[in-house]
Amino acid sequence: MILQLKHIFKNYGDPLKNNFRKVLDDLNLEVYTNQKIAIAGPSGSGKTTLLNLIGTLDQADSGEIAFKGTNITGYSQKELAHFRNQELGFVFQMHHLLPQCTLWENVLLPTLPIKGIAGKAEKDWAEYLLRKVGIWELRNQKPSSLSGGECQRTAVVRALINKPQLILADEPTGALDENNADNLAELLNHISSEEGVSLIVVTHSSDLASQMDQVYNLKNGKLI
Ligand SMILES: Nc1ncnc2c1ncn2[C@@H]1O[C@H](COP(=O)(O)OP(=O)(O)OP(=O)(O)O)[C@@H](O)[C@H]1O
Ligand SMILES: [Mg+2]
């Protein structure tokens, strides 16, 4: 098992005021190595909140998150930063590429905190991935001169550059047309199978969800 969430509770706001929002309510989840899961659910049901907790970008009010059997809820900030950089790949709905950097620089960025400079192995891997998703020729362009789909594909390559064990994707096809959405779904699916990466994808697309091993619905703070 790669990931286990036990009895996760997460609320926002002050329980005594009307800004109180109960979001995750005794939520449990198990994800196996190589497993691909989709999470659906209405807007506001807590899908992004859940991904942020798994991605250690936010903290649960209570409950335990274990990664490969280790409880990560007690990690220090430094351990968390290392964990996020080495074990996780993030694909956000808005791709969050750096506008001043070329596509090539953007995808190599996550390799820098460890070595300070991208080595031959990292560059070869980046080239392999960029060719695979069909944007190698675009590597010297900046995000402003790329299409939405090309930026999304760049973001997927960036998420894979450190060979993570787990990819977290928040509506990765939400901003794309049908054709680009299909391509990106196929790519995520393919790479996760080929590289043995587990995948948690939040999506409204029944097409993308149908390509996953398991589909959950987030409802009343629990996964069904
Ligand atoms: N930082 C915050 N402070 C207060 N409330 C928040 C905060 N972040 C999210 N919420 C509330 O928590 C609930 C869940 O939000 P979340 O972003 O997880 O929903 P979601 O399922 O991702 O929705 P969508 O499909 O629209 O992206 C919403 O009601 C939202 O308003
Ligand atoms: Mg969301």
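- The two atoms that bring Ile54 and Phe83 nearest to each other are O-CE2, 4.4 Å, heavy atoms only.
- Both Ile191 and Ile161 belong to a single network of hydrophobic side chains, linked directly or stepwise wherever heavy atoms of I, L, V, M, F, W or Y lie under 4.5 Å apart.
- No more than 12 heavy atoms of other residues, nucleotides or ligands lie within 6.0 Å of CG in Asn18, so this atom counts as exposed by the packing criterion.
- A heavy-atom distance below 4.5 Å is found between the side chains of His7 and Asn28.
- Between atom CG of residue Asp170 and atom CG of residue Asn52 there is a gap of 7.5 Å, rounded to the nearest 0.5 Å.
- Looking at Glu64 and Thr73, their side chains come closer than 4.5 Å, going by heavy atoms from C-beta outward.
- Between the side chains of Ser193 and Lys36, at least one donor N or O lies within less than 3.5 Å of an accepting N or O.
- We find the CD-CG distance between Gln35 and Leu166 to be 11.0 Å, quoted to the nearest 0.5 Å.
- A side-chain donor-acceptor contact under 3.5 Å links Trp125 to the backbone of Leu160.
- Minimum interatomic distance between Leu108 and Ala126 (heavy atoms only, all atoms of both residues): CD2-CB, 3.9 Å.
- Hydrophobic clustering of Ile, Leu, Val, Met, Phe, Trp and Tyr side chains at less than 4.5 Å, counting indirect connections, keeps Val156 apart from Phe90.
- Atom CG of Asp58 and atom CG of Leu53 lie 5.5 Å apart (nearest 0.5 Å).
- Side-chain heavy atoms closer than 4.5 Å link hydrophobic residues (I, L, V, M, F, W, Y) into clusters, and following such links, possibly through other members, connects Leu187 to Met212.
- Proximity of a side-chain donor or acceptor of Asp61 to a complementary backbone N or O of Asn11 within less than 3.5 Å is detected.
- Within 6.0 Å of the CD atom in Gln100, the count of heavy atoms belonging to other residues, nucleotides or ligands exceeds 12.
- Hydrophobic clustering (side-chain heavy atoms under 4.5 Å, transitive across Ile, Leu, Val, Met, Phe, Trp, Tyr) keeps Leu199 apart from Leu168.
- For the atom pair Lys222 NZ and Leu24 CG, the distance stands at 10.0 Å (nearest 0.5 Å).
- One distance of note links CG of Asn162 with CG of Asn85; it measures 5.0 Å at 0.5 Å rounding.
- The closest side-chain heavy-atom distance from Leu218 to Leu223 is below 4.5 Å.
- Looking at Gln152 and Thr173, their side chains never come closer than 4.5 Å, going by heavy atoms from C-beta outward.
- Each of Glu195, Glu194, Glu127 was compared with Lys132 under the salt bridge (charged side-chain N to carboxylate O under 4.0 Å, His left out) criterion, and only Glu194 meets it.
- Distance check: Glu105 CD to Leu112 CG gives 10.0 Å after rounding to the nearest 0.5 Å.
- Distance alone, capped at 3.5 Å, is enough to place a donor-acceptor pair between the Ser198 side chain and the Tyr32 backbone.
- Between the Asn140 side chain and the Thr102 main chain, no donor and acceptor come within less than 3.5 Å of each other.
- Between Arg153 and Asn180 the shortest side-chain heavy-atom distance falls below 4.5 Å.
- The two residues Lys10 and Tyr12 make their nearest non-hydrogen contact at CE-CE2, 3.8 Å.
- The minimum heavy-atom distance linking Leu146 with Cys151 is given by the pair CB-SG, 3.9 Å.
- Within the 4.5 Å cutoff, the side chain of Asp213 has no heavy atoms near those of the Ile37 side chain.
- Other residues, nucleotides and ligands contribute more than 12 heavy atoms inside 6.0 Å of the CD1 atom of Ile224.
- The 12-atom threshold is not exceeded at CG of Asn220, counting heavy atoms of other residues, nucleotides or ligands nearer than 6.0 Å.
- With hydrogens and angles ignored, the 3.5 Å screen pairs no side-chain donor or acceptor of Lys47 with any backbone N or O of Ile39.
- The main-chain N or O of Lys219 is never found under 3.5 Å from a side-chain atom of Ser45 such that the two would form a donor-acceptor pair.
- Note on ring orientation: taking the six-membered ring where Trp is involved, the planes of His96 and Phe92 are perpendicular (angle over 60°, cut-offs 30° and 60°).
- Closest approach of Arg131 and Trp136 over heavy atoms only: NH2-NE1, 2.8 Å.
- With contacts defined as side-chain heavy-atom distances shorter than 4.5 Å, the pair Leu138/Thr154 does not qualify.
- The side-chain heavy atoms of Lys68 and Ile2, taken from C-beta on, include a pair separated by under 4.5 Å.
- In this structure, a donor-acceptor pair under 3.5 Å is absent between the side chains of Gln86 and His82.
- The heavy-atom pair separating Leu57 from Arg84 by the smallest distance is CD2-CD, 3.8 Å.
- Hydrophobic clustering (side-chain heavy atoms under 4.5 Å, transitive across Ile, Leu, Val, Met, Phe, Trp, Tyr) groups Phe67 together with Leu50.
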